[in-house]
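Below: one structure, written as C-alpha cells.
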Amino acid sequence: MKTIDELLAEGVAGKRVFVRADLNVPLDGTTITDDGRIRAVLPTVAKLAEAGARVVVASHLGRPKGAPDPAFSLAPAAARLGELLGADVAFATDTVGESARATVAGLADGQVAVIENLRFNPGETSKDDAERGAFADQLAELADVYVGDGFGAVHRKHASVFDLPARLPHYAGYLIATEVGVLKKLTTDVQRPYAVVLGGAKVSDKLGVIDHLLERADRILIGGGMAYTFLKAQGHEVGSSLLQEDQIPAVREYLRRAEEKGVEFVLPVDVVVAPAFPDLKTKAPAHPTTVAADAMPAGQMGLDNGPETNKLYASKLADAATVFWNGPMGVFEHPDFADGTRAVAQALVDSPAFSVVGGGDSAAAVRILGFDENAFGHISTGGGASLEYLEGKTLPGLAALED
C-alpha cells in the first residue's frame, strides 16, 4: 500500500488529487454536533494543499436514497473544513455534474473543493458492478490521483471506495495509514493482558468480533443494551430491557467457549433501571434506580451499568496492557445513564494500557462527556470498519489501495 508521503515525494503541484474522506458527521439541522471526522482528515488535505495539489474532497453523509436531499448536504461539512484549514473551500452542488466539473476546473494550485454527497448518486452504493463502475468512471474524470482517507467507509464496496482507486494511481492518506497501524497492534503482536470492552444496543452487531476475539483476548467486558441478552442467557430476568431472544443460543455458546479457553467474560453485577426509555431531547429526569443484575424487576428497563459494575470494570482494565473499546455502556446521551460509559472512559485514561476507542458512539461519547482525546492511545473514526477488521474480514477499501 503506497502512502501519501510517497505521493508527495513524487510531486503533486498542479495535479487534481481526489481525497475520499469520511465527512459523515452528525448534524442538528445544519449544525455539526461533532466535527471529529473532519478534523481527522485535515492533515491529509492540508499537506496536499500546501504541496500545491488541487484537492477534490468527496464523502457520503447519512443514508439518502440515491437522490439529492437537502437534509444530507455536505455544505456544512465543507464550511467547517474551510474554517479548520483557514482557507476558502469551494463547494460543488452535485457529484459529477456541471457544478462539480466547473468547481474542479476552477481550482488553482493549493486550493480545495468539496463535492456534494456521493450517495446522492445511486451508482455510489449500487450492488451492480456496471452501475457502480460507470459512476466511478465519472468521478475519475475529476482527478489525476486518488487518496483514500475515509476509514469509516473502507468496509463498504462503494464506487468511491472500491472502484475508483482501480482507475487512478492510488495512495493511502495519513488517517488510513494510522488506523491500519493501530489495528495491527490489536491483531498481531498484541501486548497482554488484552482486554476488550463491548457495548451498544445489539448482540447481533458484535457476534463476529466476539467470535474472533475469543481466540485472542484475555478478558471481554460486556455492557450496553447487549448485556441484557447475556444476562438472560445466564438465566436472569431482564424486565423490559432490550433483548434479542434469538441470539441467546449463540451467547450461551460464546460463554461456554470462553470458559473452555480461559477467556474471562465480565458481565454487569448491578444495573441502573427506569420505567421507560428517557427523553433525549428534553433530558427530563428519568427516575432511575439501581438494582442487582440478577434481580431486575418486571416493568423496569436496564439503561446503564451500576456503580458496583463500574468499579468492577475499572479493576479489570487497570492492569491491561492493551484495551479495545467499542460501544457505550448505557444511554450516555442522558445524564441519568452516562456514568457507566464515563467510568470506562476514565478507566482507560487512568490505565497505562495502549487504549483504542473504536469509533462510532464510543468516540462520540468520549467527546460529549468532555474527555481529552489525547488521553487515549487512539480514537478511531470508523466503528463498523474497526469491528470488521477485528473480525478478520477483508475490507474492500483497504484491498483497493493495495498494489
Side-chain angles (χ1 to χ4, degrees), residues 21-42 45 57-86 88-95 114-120 124-125 150-153 156 175 199-202 205 224-225 242 274 276-286 303-304 326-342 345 357-373 379-385:
D22 180 8
L23 308 181
N24 185 27
V25 291
L27 294 171
D28 182 0
T30 59
T31 301
I32 296 170
T33 58
D34 180 358
D35 67 357
R37 284 177 169 165
I38 302 175
R39 287 185 285 112
V41 78
L42 198 62
V45 174
V57 181
S59 176
H60 71 286
L61 191 151
R63 296 180 182 272
K65 306 298 183 183
D69 183 337
F72 297 106
S73 174
L74 277 174
R80 181 58 179 150
L81 179 61
E83 291 172 358
L84 292 168
L85 286 170
D88 289 337
V89 168
F91 181 66
T93 57
D94 56 27
T95 56
V114 173
I115 62 175
E116 187 55 285
N117 191 336
L118 292 164
R119 291 186 182 175
F120 285 0
E124 171 68 1
T125 59
F151 180 74
R156 307 294 188 191
L175 174 61
K202 295 180 179 179
D205 293 341
L242 184 64
F277 196 84
D279 188 326
L280 299 184
K281 286 191 177 294
T282 66
K283 304 291 196 296
L303 295 165
D304 196 15
N326 180 281
M329 299 293 99
V331 186
F332 70 91
E333 301 93 336
H334 192 286
D336 287 344
F337 308 106
D339 285 350
T341 302
R342 183 182 289 108
V357 181
D361 285 341
S362 311
V366 163
R367 299 185 185 105
I368 290 170
L369 296 176
F371 286 90
D372 180 357
E373 295 180 42
I379 297 179
S380 178
T381 56

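Starting from 1, each residue takes its place in the sequence as its number. The structure displayed is predicted, hence computed values, not measured ones.
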Q) What are the two closest non-hydrogen atoms of Ile32 and Pro76, and how far apart are they? A) CD1-O, 3.5 Å
Q: May I ask you to decide if Val357's main-chain N or O and Ser380's side chain share a donor-acceptor pair within less than 3.5 Å?
A: no
Q: Evaluate whether atom CG of Asp88 has more than 12 neighbouring non-hydrogen atoms of other residues, nucleotides or ligands under 6.0 angstrom away.
A: no
Q | Rounded distance [0.5 Å steps], CG in Leu242 versus NZ in Lys202 | A | 8.0 Å
Q.
Let's go through Leu81 and Leu42 carefully: what are the C-alpha distance in whole Å and the side-chain angles of both, what is the deciding distance for side chain to side chain contact (heavy atoms under 4.5 Å, CB included) to 0.1 Å, and is it a yes or a no?
A. CA-CA 8 Å; Leu81 179 61; Leu42 198 62; 3.8 Å; yes
Q) Are any non-hydrogen side-chain atoms of Val25 and Thr33 less than 4.5 angstrom apart? A) no
Q | Minimum-distance pair of heavy atoms, taken over all atoms of Val41 and Ala21 | A | CG2-CB, 3.7 Å
Q. Looking only at heavy atoms, which two atoms of Pro278 and Val331 are closest? And how far apart?
A. CG-CG1, 4.2 Å
Q.
Measuring from atom CG of Asp336 to atom CG of Leu303, what distance do you get when rounded to the nearest 0.5 angstrom?
A. 9.5 Å
**Q.** Where Pro328 and Asp361 come nearest, the two heavy atoms and their spacing
**A.** CD-CB, 3.7 Å
Q. For Arg63, does the CZ atom sit with more than 12 other heavy atoms under 6.0 Å from it, leaving out its own atoms?
A. no
Q | Donor-acceptor contact below 3.5 Å, side chain Glu116 vs main chain Leu74 | A | yes
Q.
Keeping His334 on the side-chain end and Ala284 on the backbone end, is there a donor-acceptor pair under 3.5 Å?
A. yes
Q.
Looking at Arg37 and Asp22, would you say the former's side chain and the latter's main chain have a donor-acceptor pair under 3.5 Å?
A. no
Q) For Lys65, does the NZ atom sit with more than 12 other heavy atoms under 6.0 Å from it, leaving out its own atoms? A) no
Q | Asp35 side chain to Ile38 backbone, donor-acceptor under 3.5 Å | A | no
**Q.** Nearest-0.5 Å distance that lies between atom CG in Asn117 and atom CG in Asn24
**A.** 8.0 Å
Q) Just how far is it from atom CZ of Phe91 to atom CD1 of Ile115, taken to the nearest 0.5 Å? A) 9.5 Å
Q. Could you give the distance from CZ (Arg39) to OG1 (Thr381), rounded to the nearest 0.5 Å?
A. 11.5 Å
Q. Minimum heavy-atom separation for Ala58 to Leu118, with atom names?
A. CB-CD1, 3.9 Å
(Q) When you compare the side chain of Leu84 with that of Val45, does any pair of heavy atoms fall below 4.5 Å? (A) no
Q) Counting distance only, does the side-chain N/O of Asn326 pair as donor-acceptor with the main-chain N or O of Gly358 below 3.5 Å? A) yes
**Q.** Under 3.5 Å: donor-acceptor pair, side chain of Asp34, backbone of Pro26
**A.** no
Q.
Donor-acceptor pair, distance only, cut-off 3.5 Å: does the side chain of Arg119 make one with the backbone of Gly62?
A. yes
Q | Non-hydrogen atoms of Phe72 and Pro64 that approach each other most closely | A | CD1-CB, 3.9 Å
Q) How long is the span from the CZ atom in Arg367 to the CG atom in Leu369, to the nearest 0.5 Å? A) 12.0 Å
Q. Given the rule in the side chain to side chain contact (heavy atoms under 4.5 Å, CB included) test, do Phe371 and Arg342 qualify, once you have shown the distances and angles that lead to the verdict?
A. CA-CA 9 Å; Phe371 286 90; Arg342 183 182 289 108; 3.9 Å; yes
